[in-house]
> 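Dropping the structure in here first, questions after.
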Amino acid sequence: MMKVIGRCSEWAERIGIVLATGSGFIMLFALLVGVTTRWLPFMTSAIWSEEIARMCMLWLTANGASVAYKRADLVRFNLLVDLFSKKVRYLLELVSYVCVGIVLGVLLKYGYEMLLLKMRVRAAATRISYFWWALGLYIGFVLMAVHTVWFAAGHVKDWKKVMKGGGA
């Protein structure tokens with residue numbers, strides 16, 4: 001079972017990398033077009049470029065955050081946690097994964113409802129449905145949920161070893 005969860009987490013990381021990288025390049029292109037058309041005297045400003053860039057920023061942020069979460073590259077404040085023994089720290093990490101899972105569950109539940117609501121609303125310049133904007137956030141939440149299951153399962157698997165005094 002751990003192999004299946006681990007592979008899902010690996011695939012989720014790869015998907016996050018592809019989506020974040022792709023949206024980053026599209027955002028960069030849209031911004032370059034917007035800036036270029038603003039400064040060239042013989043062209044009109046590309047009003048669609050700002051909307052595309054904002055949409056891509058959502059995709060880049062959510063999916064990039066899921067990759068950073070998987071790689072444990074997010075900011076952590078360990079000052080108080082480091083005061084406890086190794087066993088208590090391990091327990092606190094497990095509790096934190098449960099809390100993150102609960103928050104992601106709430107975000108996924110209400111995020112799905114938001115996706116359904118956003119289907120009807122369109123952006124002003126591009127006429128792209130806001131569903132596509134919100135979908136990037138939702139995918140990022142799903143990928144983070146997969147990683148959270150992987151982290152929590154690893155903690156549960158190593159529970160006995162850590163409680164007996166071994167390392168995880």
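Computed from a predicted structure; not experimentally measured.
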> Any chance you could measure Leu74, atom CG, to Met144, atom CE, to the nearest 0.5 Å?
7.0 Å

> Flag yes if Leu116 and Val142 sit in one hydrophobic cluster, no otherwise; membership is Ile, Leu, Val, Met, Phe, Trp, Tyr, and two members link when side-chain heavy atoms are under 4.5 Å apart.
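Cluster IDs for Leu116 and Val142 match.
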
> Taking the side chain as C-beta and beyond, is there a heavy-atom pair between Glu10 and Trp150 under 4.5 Å?
no

> Only counting residues at least two apart or in another chain, list the ones meeting side-chain hydrogen bond (donor to acceptor under 3.5 Å, both in side chains) with Thr126.
Glu51

> In terms of hydrophobic clusters joined by side-chain contacts under 4.5 Å, are Ile128 and Leu137 together?
yes

> Any chance you could lay out the side chain to side chain contact (heavy atoms under 4.5 Å, CB included) test for Ile17 and Glu13, step after step, and finish with the verdict?
CA-CA 6 Å; Ile17 290 169; Glu13 181 182 16; 4.1 Å; yes

> Measure the spacing between CE of Met114 and CZ of Phe131 and express it to the nearest 0.5 Å.
10.0 Å

> So how far is it from Tyr130 OH to Leu115 CG, rounded to the nearest 0.5 Å?
14.5 Å

> Is there a path of hydrophobic side-chain contacts, each under 4.5 Å between heavy atoms of I, L, V, M, F, W or Y residues, that connects Val98 with Val88?
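In one cluster: no.
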
> Could you report the tightest heavy-atom contact between Gly140 and Ser66, atom names first, then the distance?
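Smallest interatomic distance, heavy atoms only, reads O-CB, 3.9 Å.
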
> For Ser9 versus His147, what's the shortest heavy-atom pair and its separation?
OG-ND1, 2.9 Å

> Taking all non-hydrogen atoms of both residues, which atom of Ala20 and which atom of Gly64 are closest, and how far apart?
CB-N, 3.8 Å

> Taking CE in Met57 as the centre, count heavy atoms belonging to other residues, nucleotides or ligands within less than 6.0 Å. Is the count above 12?
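No, not enclosed.
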
> To the nearest 0.5 Å, what is the distance between CG (Leu135) and CD1 (Ile139)?
4.0 Å

> Between the side chains of Glu93 and Arg89, is the shortest nitrogen-to-carboxylate-oxygen separation below 4.0 Å, so that they form an ion pair?
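No, no charged N to carboxylate O under 4.0 Å.
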
> Heavy-atom count check: over 12 atoms from other residues, nucleotides or ligands less than 6.0 Å from Arg7 CZ?
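12 or below, so no.
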
> May I ask you to decide if Gly34's main-chain N or O and Thr37's side chain share a donor-acceptor pair within less than 3.5 Å?
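Yes; at least one donor-acceptor contact below 3.5 Å.
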
> For a 4.5 angstrom cut-off between non-hydrogen side-chain atoms, does Thr61 reach Leu58?
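Thr61 does not reach Leu58 side chain to side chain.
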
> Among pairs that include at least one residue of residues 48-71, which meet ring-ring contact (aromatic ring centres under 6.0 Å, His included), considering only residues two or more places apart or in two chains?
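Passing the test, one end in residues 48-71: Tyr69-Phe151.
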
> For the residue pair Trp133 and Ala123, what are the closest heavy atoms and their distance?
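That would be CZ2-CB, 4.1 Å.
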
> Kindly indicate whether the side chain of Leu91, heavy atoms from C-beta on, has any atom under 4.5 Å from the side chain of Lys87.
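No, every pair of side-chain atoms sits at 4.5 Å or beyond.
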
> I need the Ile15 CD1 to Leu143 CG distance, nearest 0.5 Å.
6.0 Å

> Classify the ring geometry of Tyr112 against Tyr138: parallel below 30°, tilted from 30° to 60°, perpendicular beyond 60°.
tilted

> Closest approach of Ser49 and Ala46, non-hydrogen atoms and distance?
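Scanning both residues completely, I find the closest heavy atoms to be OG-O, 2.9 Å.
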
> Less than 4.5 Å apart, any side-chain heavy atom of Ser23 and any of Leu19?
no

> Is Phe141 reachable from Met119 through a run of I, L, V, M, F, W or Y residues, each pair having side-chain heavy atoms under 4.5 Å apart?
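As far as the 4.5 Å side-chain criterion goes, Phe141 and Met119 are connected within one cluster.
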
> Say whether Trp39 and Leu28 are linked into one hydrophobic cluster, either directly or through other cluster members, by side-chain heavy-atom distances under 4.5 angstrom.
no

> Which value, rounded to the nearest 0.5 Å, describes the distance between Leu107 atom CG and Ile102 atom CD1?
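Separation between the atoms: 12.0 Å.
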
> In the structure I gave you, are the side-chain heavy atoms of Asp158 and Tyr90 within less than 4.5 Å of one another anywhere?
yes

> What are the two closest non-hydrogen atoms of Ile26 and Cys56, and how far apart are they?
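The answer is CG2-SG, 3.4 Å.
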
